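Each remark here refers to the structure printed beneath this line.
Labels below follow one simple rule: chain letters A, B, ... track the order of the sequence lines, proteins then strands, and each chain is numbered from 1. The structure displayed is predicted, hence computed values, not measured ones.
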Number of protein chains: 2
Amino acid sequence: MTPADARAATARTAPPLNRTQVLTAAVALADREGLAAVSMRHLSAELGVVPMALYKHVADKDDLVSGMIDLVVAGYRPPEAGLDWREAVRQRVLSARDALLEHPWLRTAIEAATRRTPIVLGHMDALAGEFARGGLSYDLVHHAMHALGHRIWGFSPEAFASPPPRPGDTAPPPPTDVEAEAQRAMVAAMAQHFPHVAAIALDSAARSPSGACDEQFEFEFTLDLLLESFDRLHAAHWSSS
Amino acid sequence: MTPADARAATARTAPPLNRTQVLTAAVALADREGLAAVSMRHLSAELGVVPMALYKHVADKDDLVSGMIDLVVAGYRPPEAGLDWREAVRQRVLSARDALLEHPWLRTAIEAATRRTPIVLGHMDALAGEFARGGLSYDLVHHAMHALGHRIWGFSPEAFASPPPRPGDTAPPPPTDVEAEAQRAMVAAMAQHFPHVAAIALDSAARSPSGACDEQFEFEFTLDLLLESFDRLHAAHWSSS
DNA sequence: ACCTGAACACCGTTCAAGT
DNA sequence: ACCTGAACACCGTTCAAGT
């Protein structure tokens with residue numbers, strides 16, 4: 001079905017496109033096929049419309065991606081009222097993490113983002129506000145936000161973990177015997193050349209039966225480590241001037 | 001000058017291209033015009049060669065970028081021998097940071113990278129090795145690496161800072177009077193809608209005369225905060241099993 | 001107000017061919 | 001062994017035109 005056909009089929013009944021529809025479709029497309037699949041041309045085809053039609057609702061590609069981020073970030077849940085600042089920050093960050101697990105493309109999108117929208121600023125402000133209401137000086141709040149880094153958005157920097165699988169990828173076929181043998185050799189070579197990385201992997205495997213690093217545990221552990229550090233600095237009468 | 005002309009001009013004297021030349025030229029191009037300018041076509045034109053010629057020295061675009069990262073990471077300086085583990089980690093991370101300041105595109109490249117090369121694994125292993133030689137359990141080393149996150153590569157996650165200027169961008173023209181007025185209004189609106197972000201900016205400006213956040217100080221402060229946390233967990237007899 | 005069509009200046013990568 | 005040329009299937013975005 002060409003865009004013209006699709007348009008003709010719905011010309012009488014369908015209301016004109018609007019920004020929310022475009023962004024919602026973009027998010028759904030990214031969820032399904034990954035961020036790389038979200039091109040102006042692919043997205044427009046999905047909406048039964050010519051590529052240039054999108055430019056009425058979105059300034060350009062950058063604005064489209066910003067809008068997708070906003071749509072998700074706007075859904076972060078605020079914490080219950082009356083919580084201790086540590087717990088309030090914890091809940092905000094874990095809520096961000098929930099959204100991220102639903103939308104795996106969000107990590108890449110945020111890392112590549114170049115604009116600071118009001119919604120995004122609002123999230124940062126809310127988080128800074130929790131610290132400030134807890135009595136931390138703005139100097140310490142500043143340092144705390146930097147130390148949290150991308151955990152603010154619900155993910156830790158992926159310097160150590162392997163890259164996540166993308167939805168577009170097909171599952172790898174089961175290894176043949178010679179491939180399995182080659183893999184064993186690889187692991188042995190790894191252990192020889194990178195003994196500490198190998199030791200960490202072994203230790204981690206021994207700790208969790210699944211063999212993989214427990215990402216959720218790791219995230220919460222590091223988050224709590226940071227919160228404790230801020231608390232300690234705060235308790236040490238870290239002063240603002 | 002077309003690629004053919006360039007080739008003809010040097011056909012007798014120039015030796016054939018090799019991988020190192022391709023990667024070095026790619027790094028220089030990225031330093032000069034930003035990572036976005038490093039396309040197979042642009043790079044090949046710069047080398048006086050047809051795009052497909054690069055594929056003899058590089059598997060594909062991903063391999064090209066991996067090679068660029070390797071070239072820089074291979075230049076990270078190892079710390080002096082006999083240092084305390086905390087100081088050794090500190091020096092490795094600060095050396096990574098030096099390289100990053102020379103190559104601003106490195107942050108984006110590492111964040112987008114999908115392959116784990118031996119050179120990159122080697123850096124992670126060296127860092128994990130410093131912790132391990134300090135007597136930390138591999139479980140704690142694992143957590144420490146996660147907490148360091150992208151600081152391993154010399155940058156902190158840019159969740160709070162504004163995106164860095166790209167070499168390709170032209171400097172903005174000086175603001176006219178009405179623009180300056182509009183900017184003042186923006187700042188006032190910021191302070192109203194995002195009071196905590198504004199307070200942090202004000203506090204930071206009061207602290208450093210330049211008005212901007214002192215990135216280097218911030219980086220080292222957070223790095224030291226993390227190192228202290230690991231040390232404390234270590235001293236608390238954090239056990240491995 | 002919203003969508004279309006054709007065009008422009010780009011991409012990465014294939015294949016078969018040259019020297 | 002290394003480089004070329006033509007082609008394919010894509011991009012984002014412009015401009016002028018339709019309804």
Side-chain angles (χ1 to χ4, degrees), chain A residues 1-23 25-26 29-30 33-68 109 112-115 166 168, chain B residues 1-23 25-26 29-30 33-68 109 112-115 166 168:
Chain A
M1 185 157 72
T2 70
D5 292 341
R7 236 26 233 155
T10 54
R12 295 260 112 204
T13 58
L17 234 46
N18 60 45
R19 179 170 237 258
T20 309
Q21 278 174 61
V22 170
L23 297 181
L29 178 56
E33 303 184 35
L35 190 60
V38 182
S39 69
M40 300 299 274
R41 296 175 111 107
H42 188 162
L43 177 59
S44 66
E46 199 125 299
L47 287 164
V49 119
V50 103
M52 283 313 298
L54 300 182
Y55 285 78
K56 263 277 113 101
H57 309 103
V58 126
D60 52 20
K61 178 81 189 284
D62 242 52
D63 185 43
L64 173 67
V65 176
S66 293
M68 292 170 64
T114 158
R115 284 175 211 178
R166 288 173 304 163
Chain B
M1 185 156 74
T2 70
D5 292 340
R7 230 36 228 152
T10 55
R12 293 261 114 205
T13 58
L17 234 45
N18 61 44
R19 179 170 238 258
T20 309
Q21 278 174 63
V22 171
L23 296 181
L29 178 56
E33 303 184 35
L35 190 61
V38 181
S39 70
M40 300 300 273
R41 296 175 110 108
H42 188 161
L43 177 60
S44 67
E46 198 124 299
L47 287 164
V49 118
V50 103
M52 283 313 297
L54 299 182
Y55 285 79
K56 262 276 112 95
H57 309 102
V58 127
D60 52 21
K61 178 80 189 285
D62 242 53
D63 185 43
L64 172 67
V65 177
S66 293
M68 293 169 64
T114 158
R115 286 177 209 175
R166 288 174 304 161

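- For H57(B) and dC3(D), the shortest distance from a side-chain N or O to OP1 or OP2 is below 4.0 Å.
- If you take CG of L54(A) and C1' of dC2(C), they are 12 Å apart, rounded to a whole angstrom.
- Remark: the separation of the P atoms in dC10(C) and dA9(D) is 22 Å, to the nearest Å.
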Could you give me the CA-CA distance, side-chain angles and deciding distance for R115(A) and D63(A), then say whether side chain to side chain contact (heavy atoms under 4.5 Å, CB included) is met? CA-CA 8 Å; R115(A) 284 175 211 178; D63(A) 185 43; 3.5 Å; yes
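- Rounding to whole angstrom units, CG of residue L43(A) and C1' of dC10(D) are separated by 16 Å.
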Counting primed atoms plus P, OP1 and OP2 as sugar-phosphate and everything else as base, spell out the protein contacts along nucleotides 13-19 of chain C at 4.0 Å heavy-atom distance: B, S or - for each nucleotide, 5' to 3'. BBB----
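- If you take CG on D60(B) and CG on D62(B), they are separated by 5.5 Å, rounding to the nearest 0.5 Å.
- A distance of 11.0 Å separates CZ of R41(A) from CG of L54(A), quoted to the nearest 0.5 Å.
- Within the structure, salt bridge (Lys or Arg N to Asp or Glu O under 4.0 Å) pairs that include any residue of residues 47-57 of chain A do not occur (at least two apart or interchain).
- Base pairing in DNA chain C gives the following stems of 3 or more Watson-Crick or G-U pairs, range against range and under 3.5 Å: C:4-8 with D:12-16, C:12-16 with D:4-8.
- V58(B) is listed as a side-chain neighbour of M40(B), based on a closest heavy-atom distance under 4.5 Å.
- To the nearest 0.5 angstrom, M68(B) atom CE is 7.5 Å from L29(B) atom CG.
- You'll find that the side chain of A53(B) is closest to dT4(D), out of dT4(D), dG12(C), dG12(D).
- A109(B) and V65(B) get closest at one heavy-atom pair: CB-CG1, 4.1 Å.
- What separates CG of L47(A) from P of dC2(C) is a distance of 15 Å, to the nearest Å.
- H57(A) places no side-chain N or O within 3.5 Å of a backbone atom of V22(A) that could act as its donor or acceptor partner.
- Put simply, CG on L35(B) is 13 Å from P on dC11(C), counting in whole angstrom units.
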